[in-house]
Amino acid sequence: MILVDFRIKPIYRKNGHKPHLNAPSIGTMDHSVAGIVGGSAGALVAHPFDLLKVRMQTGDGVLGSNSMSILFKTVKSEGISALFRGVSFPLLGYIPMNVVVFGAYGKTLRKLEEWKESKSRPQDAFIAGTLAGVIQVPICAPIETLKIRMQSQLTGGNIGLNKPETGTIFRGPIDAMRSIFKEYGVRGYFQGFSATLLRDSVGYGLYFFFFVTLCQSMTRRGEETGHVATFLAGGFGGMATYAVCYPLDTVKSRIQSSRTPLSLFSTTKELWGRHGLTGFYRGLGPTLLRAFPENATILYTYDRVVKLFEAYGYGSDA
């Protein structure tokens with residue numbers, strides 16, 4: 001079990017418990033509930049950074065070439081509330097996403113341990129994370145499309161993603177859903193599905209792999225992973241994952257923000273032709289700034305909820 005402890009020293013404890021994400025000791029639904037709480041907390045922390053990232057990826061320099069310029073212009077022209085535009089739908093959408101991700105991860109890791117009759121290793125975490133990432137894509141893709149559409153729009157239609165019939169901004173997620181359905185039908189919600197599948201299968205596998213590897217590297221054999229180690233592993237693991245998968249995320253964002261259907265190959269080719277390699281990493285700065293607090297928050301909150309389940313005997317192996 002991963003302990004949460006704000007004391008920098010000692011990082012290590014001698015209770016001999018195993019970290020949650022290495023060897024789940026409670027039931028699948030318990031992990032899912034803990035994931036919901038942790039994911040929601042992380043979403044609130046991350047959303048302003050995510051909005052800056054999306055506008056850098058899709059705006060082609062309309063608001064500026066760096067994150068600070070986009071931040072100041074966004075707040076000046078649209079108010080500070082614009083930084084949280086579109087946050088309600090991801091918050092609601094992350095509930096089923098996190099049920100699937102953390103539940104599938106915990107269940108798969110447990111089955112791998114039973115099959116191998118040995119403790120899980122980082123490569124097992126990669127397998128379990130990859131499977132969890134694949135399973136949640138049908139839920140994630142529509143949420144990402146709506147979120148990106150809402151984040152990319154500007155008063156006055158500068159980026160060109162406003163409502164096609166009036167040119168005005170969406171009043172909220174429901175308004176965006178209606179507009180997308182009117183323009184594209186159901187398939188409009190799944191724009192960029194293949195790019196999302198590629199990003200999340202690789203991304204979740206690497207995320208859990210990095211996290212477990214870092215936790216193990218900061219924990220002495222036979223000892224319990226301390227909170228500081230868990231916090232750092234979550235933050236740096238998230239940053240490493242985003243750094244590796246960011247080009248896939250950029251391509252996905254451009255597909256989902258386009259008014260016309262685009263393929264993964266054509267979008268990649270067009271982006272390379274217009275901007276070269278640097279085009280795939282536009283917006284990486286705010287994304288890395290976001291990755292550490294977001295993932296540290298997710299894992300800290302997740303760990304707290306799991307500890308409560310274990311302390312009060314809610315856990316099971318179901």
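Throughout, residue positions are numbered sequentially from 1 according to the sequence presented. Just so it is clear, the model here is predicted, and its values are computed rather than measured. Quick note: numbers below take in every heavy atom, side chains included, and nothing from hydrogens, waters or symmetry partners.
- Between the CG atom in Leu284 and the CG atom in Asp249 there is a gap of 10.0 Å [rounded to 0.5 Å].
- Interatomic distance, CD1 of Ile255 versus CG of Leu262, reported as 6.5 Å (0.5 Å rounding).
- Residues Arg282 and Tyr246 come closest through the heavy atom pair O-OH, 2.6 Å.
- Residues Cys215 and Thr219 share a closest heavy-atom pair of O-OG1, 2.7 Å.
- A heavy-atom distance below 4.5 Å is found between the side chains of Arg187 and Pro261.
- Looking at Lys111 and Thr108, their side chains never come closer than 4.5 Å, going by heavy atoms from C-beta outward.
- Here Asp200 contributes atom CG and Leu248 contributes atom CG; the two are 9.5 Å apart, rounded to the nearest 0.5 Å.
- Side-chain atoms of Asn98 and Ser32, non-hydrogen and from C-beta on, never get closer than 4.5 Å to each other.
- For Phe231 and Phe236, the gap between ring centers reaches or exceeds 6.0 Å.
- The minimum heavy-atom distance between Leu198 and Ser201, with the atom names listed, is O-OG, 3.2 Å.
- Across Gln191 and Thr145, no two heavy atoms sit closer than the pair O-OG1, 3.4 Å.
- The main-chain N or O of Gly133 is never found under 3.5 Å from a side-chain atom of Tyr105 such that the two would form a donor-acceptor pair.
- Leu277 and Phe265 are members of different hydrophobic clusters when ILVMFWY side chains are connected at heavy-atom separations under 4.5 Å.
- Electrostatic pairing of Arg149 and Glu144 does not count as a salt bridge here, judged by no charged N lying under 4.0 Å from a carboxylate O.
- Closest of all the heavy-atom pairs between Phe190 and Pro142 is CE2-CG, 3.6 Å.
- What you find for Cys245 and Leu206 is that their closest heavy atoms are SG-CD1, 4.1 Å.
- Although no hydrogens or angles enter the test, the distance criterion places no donor-acceptor pair under 3.5 Å between the side chain of Thr267 and the main chain of Leu264.
- For the pair Thr297 (side chain) and Gly42 (backbone), a donor-acceptor distance under 3.5 Å is absent.
- With rounding to the nearest 0.5 angstrom, the CG atom of Leu288 is 10.0 Å from the OH atom of Tyr242.
- Residues Val137 and Phe193 meet the side-chain proximity criterion, which asks for heavy atoms closer than 4.5 Å.
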Inset, instruction - Mind running side chain to side chain contact (heavy atoms under 4.5 Å, CB included) on Tyr189 and Phe181 for me, showing each step along the way? - result: CA-CA 8 Å; Tyr189 300 128; Phe181 182 78; 3.1 Å; yes
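- Although no hydrogens or angles enter the test, the distance criterion places no donor-acceptor pair under 3.5 Å between the side chain of Thr213 and the main chain of Phe210.
- The side-chain heavy atoms of Cys140 and Arg199, taken from C-beta on, include a pair separated by under 4.5 Å.
- For residues 123-134, the side chain to side chain donor-acceptor pair (under 3.5 Å) pairs, not counting sequence neighbours, are Lys116-Asp124.
- Val134 is listed as a side-chain neighbour of Leu197, based on a closest heavy-atom distance under 4.5 Å.
- Atom CG of Asn295 is separated from atom CZ of Phe211 by 10.0 Å, given to the nearest 0.5 angstrom.
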Legend entry - Verdict with reasoning, Met177 to Leu146, per side chain to side chain contact (heavy atoms under 4.5 Å, CB included): CA-CA 7 Å; Met177 289 177 66; Leu146 288 167; 3.5 Å; yes
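- Salt bridge status for Arg274 with Glu270: present, with a side-chain N to carboxylate O gap under 4.0 Å.
- Counting heavy atoms from C-beta outward, Gln256 and Thr196 have side chains that approach closer than 4.5 Å.
- Ile143 and Val45 fall into different hydrophobic clusters, where Ile, Leu, Val, Met, Phe, Trp and Tyr side chains are chained together by heavy-atom contacts under 4.5 Å.
- To the nearest 0.5 angstrom, Gln216 atom CD is 10.0 Å from Arg121 atom CZ.
- For Phe126 and Phe208, the gap between ring centers reaches or exceeds 6.0 Å.
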Inset, instruction - Go through the steps to decide whether Phe102 and Ile298 satisfy the test side chain to side chain contact (heavy atoms under 4.5 Å, CB included), and finish with yes or no. - result: CA-CA 11 Å; Phe102 283 90; Ile298 290 171; 4.1 Å; yes
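- Between Met218 and Leu232, the closest side-chain pair of non-hydrogen atoms falls below 4.5 Å.
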Legend entry - Steps toward side chain to side chain contact (heavy atoms under 4.5 Å, CB included) verdict (Lys252, Ile148): CA-CA 10 Å; Lys252 180 197 71 68; Ile148 286 173; 3.2 Å; yes
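- Side chain to side chain, Ser263 and Ser266 meet the donor-acceptor criterion of an N or O pair below 3.5 Å.
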